[in-house]
Structures are given as structure tokens and as C-alpha cells.
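Below is one structure; the comments refer to it alone.
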Number of protein chains: 2
Amino acid sequence: MKISEVAARSGLSIDTLRFYERIGLIDPPPRDAAGRRDYPEEVLTWIGFLDKLNATGMKQADRIRYAALRRQGEASYAERRRMLELHRDVVIARQAELEETRALMDRKVEMYRQLEAEAAMEVADV
Amino acid sequence: MKISEVAARSGLSIDTLRFYERIGLIDPPPRDAAGRRDYPEEVLTWIGFLDKLNATGMKQADRIRYAALRRQGEASYAERRRMLELHRDVVIARQAELEETRALMDRKVEMYRQLEAEAAMEVADV
DNA sequence: GTAGCGGCTGGAGTGCACTCCAGCTCAAGC
DNA sequence: GCTTGAGCTGGAGTGCACTCCAGCCGCTAC
């Protein structure tokens, strides 16, 4: 797969793909005869997972660390599991936070609705 | 309340409090005889809400816009409600995303657990 | 009365995560 | 055979959200 196709299918830009390779988030893919990157299909799954870690607030340094562990294969299963367990706790905490904020926004929306209704009545009073 | 106290109680740094004032997130508080900021208690509630918006991914520009509307008082009830409704949708979408990622991490953790057990058995086989 | 601390200002600096650029090579289509 | 376009590299630039700094003032405690 050419880099432009990976970009189109993953949602990352071509520049970001090359950047991710530089910092060790994506394995350097084999090159074709002309020296161009030729990605395996699986890279899309990996990018999808990276995106999820990203979207849930995992820092670049930690994603790089996870990618490095992944490169070590079997020897890092336990370590990778520990990282995911820790991150899962972070995600759970964020879920609680979001839920709380959602509830607060619901209350505020309701409050504004009331205040709008009252303001409308005051106008009618005049 | 002095700026140091607001910082201690809000969790924001003194520099961030002054920065927020500069960009219009926090109203300029009255000054004491010596020209030092003297914040009202309510600023803590407001900062708490700003924090929630921040933690749920609202951009600075939008928080500034909300703060500006707030300064207009009654005239902006409807607009503020609309902003919150829109942001609530964002929060709900993020909740779904987090839930999905949490489930994926659960599956991966379980997978690594299995792989670790298998690796241990292989060692025992030898 | 002076040392030290907390606060003040405007502006410069930082860290993160990209994003863009100049100048190059290569392959394909007209 | 030459233009066009995709891809390449190393390095510079960007935008966001702070964070730090120099140099100043004024209160409090010794």
C-alpha cells in the first residue's frame, strides 16, 4: 500500500505518517524498487489502535513506549498488559468526569430554558 | 481573596489566572489599595466550570466566547444554552468513544493474560 | 530602615504534536 | 524526451495553551 492510500484510509496525513515513523510509532515499512514506502495492510489496524489511545488522552511518549514494547514481541506481553491496565483506569476516570460534566450541562441547559421563558414573560408583562 | 489563595483553591497557577484574565476567561477583579487583585468567592465556581469545559475538550476560543456571552447577562441566555447543547453533543460522542476504547482495552488485557499464560506453559514444557 | 516576600506588568519562552517547505528522484503518459 | 505528479529527506515553522522572566512596587517583620 502506498503512503497516499494509507493516509486516505487511516485519516492521518502523509506528513503525519512519516512523522510517526520518525518517532517510532509506526514501523518503517519495506520500500519498493524506487525507494517508496510500501505498507502492509496491518498498519491500518495499528493506526486505528493508536488513534484510540490518542483520543483517550494517552501521551505521545507513552504511545511510543507501547510501540517499542510491541516491537519486542512476546517478551513484552506482561508490560504491555500493565500499560493497558493503567490506561484503562485513566479512561474510566475520564468517563466519570464526562458523565459529571454532561449532567451539569443538562442542568444548565434546563436553567437557561427557564430563564428564557421568564424573560419572555417579562416582555409580555409590559 | 488574593490571587495566591485562588490559585491554591482552584488548582490553577497564579500565572494561569492572570493569563485567563488577559484573554477574557476571567473577569478582571477589583484591586485592593495596593493595586493587587482581590477576587470574589464566586470566581471559584466559574473556574470550576471552565475546568470542566476544558476537561471535556472545549477549545479556548469557545470558552472565551462563552465567557463573553456570560458578561452580557440576560441577553445571551439563548446563545449560551445553544453553546452548551452543542458541547453536550460533543461530550456524548466522546463518551461513546471512551466506552468503545475501554472495551477494546479489556479485550487486549485479557488477550495478553492468555498469551502470558501460554508462554509460561511453554517454558514449563521444556 | 532594610530585608524579604508577594504581587504587578509586558513580553519572551516552552512543550507538545504535528505541519510545511525546498529541493531532490523516479516513473508514467503524452 | 519532457512534463507532471507522487514520493523522498532533513529541517524549519505552526498553533495551542500555558509558563517563565526581568525589573518594578509596596507591605510586614525584625
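The figures here come from the full heavy-atom set of this structure, side chains too, leaving out hydrogens, waters and symmetry mates. Throughout, a chain's letter reflects where its sequence line sits, starting with A, and its residues are numbered from 1.
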Quiz prompt | Non-neighbouring partners of B/D38 that pass salt bridge (charged side-chain N to carboxylate O under 4.0 Å, His left out), sequence neighbours left out | solution = none
Quiz item: Which residues within residues 30-50 of chain A lie with some heavy atom under 4.0 Å of an atom in DNA chain D?
Solution: A/R31, A/G35, A/R36, A/R37
Quiz item: Which residues satisfy the side-chain contact (heavy atoms from CB on, under 4.5 Å) test with B/I64, sequence neighbours excluded?
Solution: B/I23, B/L25, B/Q60
Quiz item: Starting at the 5' end of DNA chain C and moving along, which residue's nearest nucleotide shows up first, B/S4 or A/K59?
Solution: B/S4
Self-check item: Range on DNA chain D touched by chain A, heavy atoms, distance below 4.0 Å
Solution: D/dG7 to D/dG11
Exercise. Using the test side-chain contact (heavy atoms from CB on, under 4.5 Å), find all partners of A/A34 that sit at least two apart in sequence or belong to another chain.
Key: A/D32, A/R36
Which atom pairs, donor and acceptor, lie under 3.5 Å between side-chain atoms of residues 103-110 of chain A and protein residues at least two apart or in another chain?
from	atom 1	to	atom 2	distance (Å)
A/D106	OD1	B/R88	NH1	2.5
A/D106	OD2	A/R102	NH1	2.7

Quiz item: Going by the salt bridge (charged side-chain N to carboxylate O under 4.0 Å, His left out) test, which pairs reach into residues 44-60 of chain B, not counting sequence neighbours?
Solution: A/E100-B/K52
Exercise. Return the set of residues passing side-chain contact (heavy atoms from CB on, under 4.5 Å) with A/E21 (not counting sequence neighbours), or none when no residue passes.
Key: A/P28, A/P29, A/R31, A/R37, A/Y39
Practice problem: Output all residues satisfying side-chain contact (heavy atoms from CB on, under 4.5 Å) with B/E41, sequence neighbours left out; order by chain, then residue number. | Solution: B/M1, B/R9, B/L44
Practice problem: May I have all residue pairs that pass ring-ring contact (aromatic ring centres under 6.0 Å, His included) and include part of residues 53-75 of chain B, sequence neighbours excluded? | Solution: B/F49-B/Y66
Self-check item: Contacts of type ring pair (Phe, Tyr, Trp, His ring centres under 6.0 Å), residue A/Y77, not counting sequence neighbours
Solution: B/Y112
Quiz prompt | Near-strand residues of residues 11-26 of chain A, defined as heavy-atom separation under 4.0 angstrom from DNA chain C | solution = A/D15, A/T16, A/F19, A/Y20
Quiz item: Should A/M111 and B/L69 be regarded as members of a common hydrophobic cluster, given that ILVMFWY residues are connected when their side-chain heavy atoms come within less than 4.5 Å of each other, either directly or indirectly?
Solution: yes
